[in-house]
S.K.: 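Take this structure, written in structure tokens, and hold onto it; I'll ask about it next.
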2 protein chains.
Amino acid sequence: MVSDETDSGSDSPPLLSGDSDALSQFIENMGLYFEDYGIPRIGGRILGLLLVARRPVSPEEMSEVLQVSRSSISTNLRSLLMAGLVERVSLPGERSDYYVISEEAWERSLEMRLEGIQALREIAEEGLQGLDAGHPARQRLEEMLSWTVMVEDAYRKLLEAWQSRKEVPA
Amino acid sequence: MVSDETDSGSDSPPLLSGDSDALSQFIENMGLYFEDYGIPRIGGRILGLLLVARRPVSPEEMSEVLQVSRSSISTNLRSLLMAGLVERVSLPGERSDYYVISEEAWERSLEMRLEGIQALREIAEEGLQGLDAGHPARQRLEEMLSWTVMVEDAYRKLLEAWQSRKEVPA
DNA sequence: CAATTGTTTCTGTCAAGACTGAAACAATTG
DNA sequence: CAATTGTTTCAGTCTTGACAGAAACAATTG
């Protein structure tokens with residue numbers, strides 16, 4: 001699925017190097033994985049590409065390497081930028097924009113999970129208000145609520161731990 | 001979205017009681033929430049209904065209350081059963097099957113998250129093998145790997161904590 | 001300031017899959 | 001064992017959204 005461009009005279013350093021079959025597979029796997037979680041496959045592939053690229057990548061290059069249209073790249077890139085997973089960097093003397101995986105991508109990923117579980121907690125809380133005391137379903141919703149609280153808590157701690165992971169170098 | 005059946009002479013206890021607007025909203029919210037996470041909306045609504053019902057619910061009743069076809073109920077119910085989120089119970093003297101939320105639904109939910117993160121860890125590990133030592137992308141994949149390991153670990157602990165939550169009653 | 005190059009937006013096409021209704025199937029009961 | 005009731009499977013419809021290609025837009029450079 002990864003097609004190397006026939007470098008048309010450009011003198012930019014190579015985008016990919018190493019076991020290119022393994023890297024193609026990696027990019028493809030990322031696409032499939034993210035698709036399972038509601039992110040467009042091409043978005044996942046862009047993330048995969050950015051993760052294994054030797055240097056920042058231009059939309060044009062993404063289009064060539066991943067063999068998809070520029071407009072698809074544009075759309076997906078914008079989602080990834082808005083989600084805070086990807087960042088734009090300007091390379092001196094370059095006209096085109098270049099993109100990299102955000103430093104905070106993994107952190108953002110945790111934050112998104114946290115937001116999801118908070119939404120579920122709110123649903124549980126509101127539902128609970130529709131049940132009178134002693135209702136047989138109250139127990140179930142209370143269990144649901146305590147589950148969301150527990151998970152939310154764990155995410156919060158995980159987030160802190162991840163953020164401070166470098167601060168404790170042996 | 002929730003339409004109460006015009007009880008046709010049956011003498012079964014009521015399915016829902018309490019603030020029925022709030023309960024309808026709850027059921028609908030569950031549908032929307034799960035849809036965001038790749039579960040069919042009707043599946044989420046079934047879970048919502050089972051959470052707030054006063055007693056086990058038959059497929060027939062689900063169809064009436066949620067206003068969807070029996071075949072949709074059947075299909076979604078099967079997925080939920082296979083996922084271990086819903087269980088069948090037999091009511092004495094009743095011909096029809098009845099269903100409830102599984103005792104282990106929340107536990108299963110954590111297990112599913114755990115499986116997801118494990119898959120991502122494997123993708124990272126395989127990708128890492130395609131990069132020679134010193135490759136500028138190695139650092140990024142190593143960070144990804146350590147993130148997955150950290151999250152996987154947290155899920156494992158969370159799972160244990162949830163499983164043993166009753167064993168330590170003040 | 002025209003021309004060239006790069007990027008985004010817009011519209012149409014296509015594919016995936018959720019849902020329905022009907023038919024097939026199973027099983028219980030008189 | 002026929003008839004009735006309940007459940008699943010199947011085929012078709014419809015909606016959603018990803019993607020491509022073309023046009024519009026922006027901006028840089030000679």
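On a predicted model such as this, the values are computed, not experimentally measured, just so you know. Order of the sequence lines sets the chain letters (A, B, ...), proteins ahead of strands, with each chain counted from 1. Below, all heavy atoms of this structure are taken into account, side chains as well, without hydrogens, waters or symmetry copies.
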S.K.: Can you name the one residue among B:Leu77, B:Ile46, B:Asn76 that meets side-chain contact (heavy atoms from CB on, under 4.5 Å) with B:Pro59?
M.R.: B:Leu77

S.K.: Are A:Asn29 and A:Gln25 close enough, and set up right, to give a side chain to side chain donor-acceptor pair (under 3.5 Å), and what steps lead you there?
M.R.: CA-CA 6 Å; A:Asn29 284 341; A:Gln25 191 59 55; 3.2 Å; yes

S.K.: Can you tell me if B:Arg70 has over 12 outside heavy atoms packed within less than 6.0 Å of its CZ?
M.R.: no

S.K.: How many Å lie between CD1 on A:Ile73 and C1' on D:dA20, as a whole number?
M.R.: 12 Å

S.K.: B:Ile42 has an atom CD1; how far is it from atom C1' of D:dT15, in whole Å?
M.R.: 13 Å

S.K.: Given atom CD of A:Glu35 and atom C1' of D:dC19, what is their separation to the nearest angstrom?
M.R.: 13 Å

S.K.: Starting at atom CZ of A:Arg45, determine the distance to atom P of D:dA18, rounded to an integer number of angstrom.
M.R.: 14 Å

S.K.: Rounded to whole angstrom units, what separation is found between the CG atom of A:Asn76 and the C1' atom of D:dG17?
M.R.: 12 Å

S.K.: Mind checking if B:Ser96 touches a base, just sugar-phosphate, or nothing, with heavy atoms under 4.0 Å?
M.R.: sugar-phosphate

S.K.: Enumerate the ring-ring contact (aromatic ring centres under 6.0 Å, His included) contacts for residues 16-46 of chain B, please, sequence neighbours excluded, ordered by first and then second residue.
M.R.: B:Tyr33-B:Tyr37

S.K.: Would one find a side-chain N or O of A:Ser72 under 4.0 angstrom from OP1 or OP2 of D:dA20?
M.R.: yes

S.K.: Reading DNA chain C 5' to 3', which nucleotide is the first, and which the last, to come under 4.0 Å of any heavy atom in chain A?
M.R.: C:dT5 to C:dT9

S.K.: When you compare the side chains of B:Ser58 and B:Glu60, does any donor N or O come within less than 3.5 Å of an acceptor on the partner?
M.R.: no

S.K.: Once you round it to whole Å, what is the distance between P of D:dA20 and CG of A:Leu66?
M.R.: 10 Å

S.K.: Could you walk me through whether A:Arg55 and A:Glu61 pass the side-chain contact (heavy atoms from CB on, under 4.5 Å) check?
M.R.: CA-CA 11 Å; A:Arg55 55 169 177 75; A:Glu61 290 169 328; 2.8 Å; yes

S.K.: Could you write out DNA chain C as dot-bracket? Rules: Watson-Crick or G-U wobble, both distances under 3.5 Å, brackets [ ] for crossings, | for pairs with another strand, dot for unpaired.
M.R.: ||||||||||||||||||||||||||||||

S.K.: Just to be sure I understand the rule, does B:Arg78 reach a base, reach only the sugar-phosphate, or reach nothing, if contact means heavy atoms closer than 4.0 Å?
M.R.: sugar-phosphate

S.K.: Inspect the surroundings of CZ in B:Arg108 and state if more than 12 heavy atoms from other residues, nucleotides or ligands are less than 6.0 Å away.
M.R.: yes

S.K.: Rounded to the nearest Å, what distance is computed from the CZ atom of residue A:Arg41 to the P atom of nucleotide D:dC19?
M.R.: 8 Å

